[in-house]
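Notes for the one structure printed next.
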Amino acid sequence: MNGKTALVMGVANARSLAWAIAEQLLAAGARVGFSYQGERLKGELDKLLVDKPGTWSMQADATSEADLAALMDRVKQEFGELDYVVHAIAFAPRAAMEGRFVETTPDDWNTALNVSAYTFVAVARHAEPLLREGGSLITLTHHASQQVFPKYNVMGVAKAALEAATRYLASDLGAKGVRVNAVSAGPARTVAARSIPGFGTMFEEAGKASALRRNITNDEVGKLGLYLLSDLASGVTGQTVYVDAGAYIMAMKPQGTE
Ligand code: NAP
């Protein structure tokens, strides 16, 4: 990826899935810029980037049109053009994930769908003028888009919208040779995941129920991200690709696991 440029959005700390993908991009020789939501995350990111020469970072709330415009100005100033975007952003108010889905309020619905799905559309729109032919965008999703997971609630609906948006974006951006895909990851212990009530149990159950009888590693998410961004996936677009140790293919837990 020498000569390629990437924007990575959504690193909160070293456990973030966005960081796992960024590490792969950096190891492959890409130049990488980062955006983070709030100044409180800056210190964490600065620590991660201290031994990564050529990287830069800037604050950008993905729900703010002004922040996204300023971010793309910075991308243009740093890189001129852009090859890759990693969107690893999601949020739902805790109350919406504690109760019953049927009780989701309009405000919580709008917040979850706006932050977790619409921002991918907004980011793609702002990035489009800078994207080179052969470019590639990825987002992060979860199988709760397709099947019911306890307490995932409105986030499951947001992930379904995100995956549908991925297909529509792939159609629009495909006209200029840019690909758009979603990485559907099994559970990983991150800040966002810990906000899901009962996540610890879900994590353990997913490990036992997977074809590989284990959980995925962040590194495995990073490697799938790298593949989808790279020319190795030059014919792949509009897809939701799973890295879940073979969890969702199983109708029942494998024999021999409890
Ligand atoms: P994470 O480290 O907490 O990353 C989530 C990031 O989204 C944080 O940096 C967060 O910033 C950022 N964010 C939230 N609202 C934002 C906004 N308005 N503007 C800009 N950034 C915003 O957790 P993660 O698990 O790696 O999450 C990354 C993606 O992977 C999410 O889409 C998540 O749903 C998805 N995913 C996670 C898992 C899992 O089990 N961990 C599985 C499948 C998919 P703040 O900290 O400031 O809120």
Side-chain angles (χ1 to χ4, degrees), residues 7-23 34-45 48 57-68 70-71 85-94 97 110-120 122-123 126 138-147 149 151-163 165-166 182-207 210 215-222 224-225 240-245 247-248:
L7 172 65
V8 175
M9 308 178 72
V11 175
N13 57 33
R15 287 180 169 274
S16 295
L17 297 181
W19 181 246
I21 298 167
E23 282 192 300
F34 294 82
S35 70
Y36 52 89
Q37 179 184 205
E39 288 301 331
R40 88 193 144 76
L41 293 181
K42 181 171 167 38
E44 202 67 40
L45 190 54
L48 293 173
S57 68
M58 128 169 219
Q59 190 279 332
D61 177 345
T63 64
S64 160
E65 289 287 320
D67 282 12
L68 290 181
L71 178 62
V85 178
V86 177
H87 170 278
I89 289 170
F91 174 76
R94 186 155 179 106
M97 303 181 85
N110 290 340
T111 299
L113 273 279
N114 186 33
V115 178
S116 313
Y118 179 70
T119 57
F120 191 39
V123 166
H126 281 271
I138 58 169
T139 187
L140 275 293
T141 187
H142 183 266
H143 189 58
S145 61
Q146 310 296 316
Q147 288 187 293
F149 283 68
K151 304 298 180 197
Y152 227 86
N153 294 0
V154 72
M155 187 57 84
V157 177
K159 292 303 191 191
L162 180 66
E163 291 169 22
T166 297
V183 169
S184 186
R189 289 194 171 103
T190 64
V191 177
R194 282 202 297 268
S195 68
I196 301 168
F199 175 80
T201 309
M202 188 172 109
F203 182 87
E204 279 170 29
E205 289 299 310
S210 303
N215 289 102
I216 53 149
T217 63
N218 284 22
D219 192 46
E220 288 169 331
V221 178
L224 176 57
T240 297
V241 185
Y242 280 74
V243 53
D244 69 345
Y248 101 87

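When a ligand or atom number is given, it counts from 1 through the structure's own listing order.
- Smallest separation of non-hydrogen atoms from Pro187 and Ile216: O-CG1, 4.0 Å.
- Every atom of ligand 1 is numbered from 1 in the order shown, and the set under 4.0 Å from a heavy atom of Thr63 is 18 (N).
- Considering backbone and side-chain atoms together, Asn13 places no N or O closer than 3.5 Å to any N or O of ligand 1.
- Within the 4.0 Å heavy-atom criterion, neither part of Thr139 lies near ligand 1.
- You'll find the side chain of Phe199 stays beyond 4.5 Å of the side chain of Lys151, heavy atoms only.
- Residues Ala160 and Ser145 share a closest heavy-atom pair of N-CB, 3.5 Å.
- Using the six-membered ring where Trp is involved, His143 and Tyr242 have ring planes that are perpendicular, over 60° apart on the 30 and 60° scheme.
- Between Ala62 and ligand 1, at least one N/O pair is under 3.5 Å apart.
- Residue Ala185 has no nitrogen or oxygen atom sitting less than 3.5 Å from a nitrogen or oxygen atom of ligand 1, judged on distance alone.
- Given atom 35 (C) of ligand 1, the protein heavy atom at minimum distance is Leu140 CB, 3.7 Å.
- Using a 4.0 Å cut-off to heavy atoms of Arg40, the atoms of ligand 1 that qualify are 45 (P), 46 (O), 47 (O), 48 (O).
- Once rounded to the nearest 0.5 Å, the distance linking CD1 of Ile21 with CG of Asn218 reads 9.5 Å.
- For the atom pair OG of Ser184 and CG of Asp244, the computed distance is 6.5 Å after rounding to the nearest 0.5 Å.
- Put simply, no part of Gly38 is less than 4.0 Å from ligand 1, judged by heavy atoms.
- Taking a 4.0 Å cut-off on heavy atoms, Met9 fails to register as neighbouring ligand 1.
- For Arg94, the CZ atom is densely surrounded, since the number of other residues' heavy atoms within 6.0 Å is greater than 12.
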Steps toward side-chain contact (heavy atoms from CB on, under 4.5 Å) verdict (Val191, Arg15): CA-CA 8 Å; Val191 177; Arg15 287 180 169 274; over 6 Å; no
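- Contact check for Gln146 versus Glu163: side-chain heavy atoms found under the 4.5 Å cut-off.
- Looking at Met155 against ligand 1, nothing comes within 4.0 Å, counting heavy atoms.
- By heavy-atom distance, the residue among Ala206, Ala88, Ala192 lying nearest atom 6 (C) of ligand 1 is Ala88.
- In this structure, Ser64 falls outside the shell of residues with a heavy atom less than 4.0 angstrom from ligand 1.
- Residue contacts with ligand 1, taken as heavy atom pairs separated by less than 4.0 Å, involve Val11 solely via the backbone atoms N, CA, C and O.
- Considering backbone and side-chain N/O atoms, Ala18 never comes within less than 3.5 Å of an N/O atom of ligand 1.
- Contact between Ala112 and Ala92 at its shortest, heavy atoms only, is CB-CB, 3.9 Å.
- With atom 33 (C) of ligand 1 as the reference point, the heavy atom nearest to it among Lys159, His142, Arg15, Arg189 is part of Lys159.
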Check against side-chain contact (heavy atoms from CB on, under 4.5 Å), Leu162 and Leu140: CA-CA 9 Å; Leu162 180 66; Leu140 275 293; over 6 Å; no
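- In this pair, His142 and Phe149 present their aromatic rings perpendicular. The plane angle is above 60°, beyond the 30 to 60° band.
- Using a non-hydrogen distance threshold of 4.0 Å, Ser184 does not register as a contact of ligand 1.
- Within the listing of ligand 1, atoms 26 (O), 30 (O), 36 (N), 37 (C), 38 (C) sit less than 4.0 angstrom from a heavy atom of Leu17.
- Of the protein's non-hydrogen atoms, Gln37 NE2, 4.5 Å is the one closest to atom 10 (C) of ligand 1.
- Closest of all the heavy-atom pairs between His126 and Glu65 is NE2-OE1, 2.7 Å.
- Distance from atom 40 (O) of ligand 1 to its nearest protein heavy atom, with residue and atom name: Ala188 N, 2.8 Å.
- Summary of contacts: the protein heavy atom closest to atom 24 (P) of ligand 1 is Thr190 OG1, 3.4 Å.
- In the vicinity of Asp61, heavy-atom distances shorter than 4.0 Å reach the ligand 1 atoms 17 (C), 18 (N), 19 (N).
- The minimum heavy-atom distance linking Thr166 with Ala182 is given by the pair CG2-N, 3.8 Å.
- Considering only non-hydrogen protein atoms, atom 4 (O) of ligand 1 sits nearest to Gly10 O, 3.4 Å.
- With hydrogens left out, the protein atom closest to atom 22 (C) of ligand 1 is Ile89 CG2, 3.6 Å, a heavy atom.
- Each of the following atoms of ligand 1 lies closer than 4.0 Å to a heavy atom of Gly186: 40 (O), 42 (C).
- In terms of protein heavy-atom proximity, atom 43 (C) of ligand 1 is nearest to Thr141 O, 3.1 Å.
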Residues Ile89, Val123; criterion side-chain contact (heavy atoms from CB on, under 4.5 Å); working and verdict: CA-CA 11 Å; Ile89 289 170; Val123 166; 5.7 Å; no
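- Of the listed residues (Pro187, Ala90, Ala92, Ser195), the one carrying the non-hydrogen atom nearest atom 31 (C) of ligand 1 is Ala90.
- Here's the thing with Ser16: one of its N/O atoms is less than 3.5 angstrom from an N/O atom of ligand 1.
- Contact record, Phe34 with Leu45: CB-CD2, 3.7 Å, taken as the closest heavy-atom pair.
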